[in-house]
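Accompanying notes for the structure given below.
None of these values were measured; they are calculated from a predicted model.
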Amino acid sequence: AGHVISTIEIIDSIDDPPREVCAAAEGTLEGATLTVELDCFVRPVDLRHKEQHSRPPWLPAAQVVRESVDITEAAAVTRDIFRGWVSKVRSSIPEQKGSYATEIYN
């Protein structure tokens, strides 16, 4: 299998404690079959704990997408699949109740 693309994108940050919501994709090409493994997780913003990933129940489950592609299109198709995944993960993030808002108005 040839490696096509591997990417992680920080989609949003959530507070209390400060964490980043991330989406990840790993695309590989075998023959004319592109396999894109999609995942998402939450990780601490603190660099000392960056590798501690968690998956709150509101995040979508990991997915695998397979497409038949020409080798010249594999990277572009992987990016397109990842864009859709990023949108899905972003829309799953709950509306945040900013603690600062209640402190200001109470």
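Rounding to the nearest 0.5 angstrom, the gap separating the CD1 atom in I11 from the CD atom in E20 is 11.0 Å. The distance from the SG atom of C40 to the CD atom of Q63 is 8.5 Å, given to the nearest 0.5 Å. Distance check: I10 CD1 to R43 CZ gives 4.5 Å after rounding to the nearest 0.5 Å. Once rounded to the nearest 0.5 Å, the distance linking CD of E67 with CG of L34 reads 7.0 Å. Taking SG from C22 and CG from D12, the interatomic distance works out to 10.5 Å, rounded to the nearest 0.5 Å. The CD1 atom of I5 sits 12.5 Å away from the CG atom of L29 when rounded to the nearest 0.5 Å.
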With a 3.5 Å cut-off and sequence neighbours excluded, list the donor-acceptor pairs that the side chains of residues 73-88 form with protein atoms.
from: T78; atom 1: OG1; to: A74; atom 2: O; distance (Å): 2.8
from: R83; atom 1: NH1; to: E9; atom 2: OE1; distance (Å): 3.2
from: R83; atom 1: NH2; to: E9; atom 2: OE1; distance (Å): 3.1
from: W85; atom 1: NE1; to: D39; atom 2: O; distance (Å): 2.8
from: S87; atom 1: OG; to: R83; atom 2: O; distance (Å): 3.3

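Remark: E26 engages S6 in a side-chain hydrogen bond (donor to acceptor under 3.5 Å, both in side chains) (not counting sequence neighbours). Residues satisfying the side-chain hydrogen bond (donor to acceptor under 3.5 Å, both in side chains) criterion with T72, sequence neighbours excluded, are D70. Residues satisfying the side-chain contact (heavy atoms from CB on, under 4.5 Å) test with S54, not counting sequence neighbours, are V42, P56.
The minimum heavy-atom distance between R55 and P60, with the atom names listed, is NH1-O, 2.7 Å.
V69 is not connected to V64 by any chain of hydrophobic side-chain contacts under 4.5 Å among Ile, Leu, Val, Met, Phe, Trp and Tyr, and they are in different clusters.
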